[in-house]
Amino acid sequence: MGILRQMAEYLYLKKKSDVPQGSWMKYMHGMNRISLIIFLFGLLVMLFRWVIKPMLMR
């Protein structure tokens, strides 16, 4: 469950732990957040192309 908790923290769905973070750690989390959002967007595009679009073309 650690991966899901970390993803929720990246997407602001769960409150972050009270561990002090340096500026480089904040930058790293920001880049991870952007990467995760782009990945999820890509999954949605693939889902649309492979599942929803063929169903609409029938």
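Atom set for the values below is all heavy atoms of this structure, side chains included, hydrogens, waters and symmetry mates excluded.
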Treating Ile, Leu, Val, Met, Phe, Trp and Tyr as nodes and any side-chain heavy-atom pair under 4.5 angstrom as an edge, say whether L40 and I37 lie in one connected cluster. yes

Hey, is CE on M46 packed in by over 12 heavy atoms from elsewhere, all under 6.0 Å? yes

Show the nearest heavy-atom pair for residues K53 and R49, with the distance to one decimal. CB-O, 3.9 Å

For L44, all residues meeting side chain to side chain contact (heavy atoms under 4.5 Å, CB included), sequence neighbours excluded: none

Student check: side-chain heavy atoms of M28 and M25 closer than 4.5 Å: yes

For residues F39 and V45: do they belong to one hydrophobic cluster (side chain heavy atoms under 4.5 Å, members Ile, Leu, Val, Met, Phe, Trp, Tyr)? no

Using 0.5 Å steps for rounding, measure from the CE atom of M31 to the CD1 atom of I34. 8.5 Å

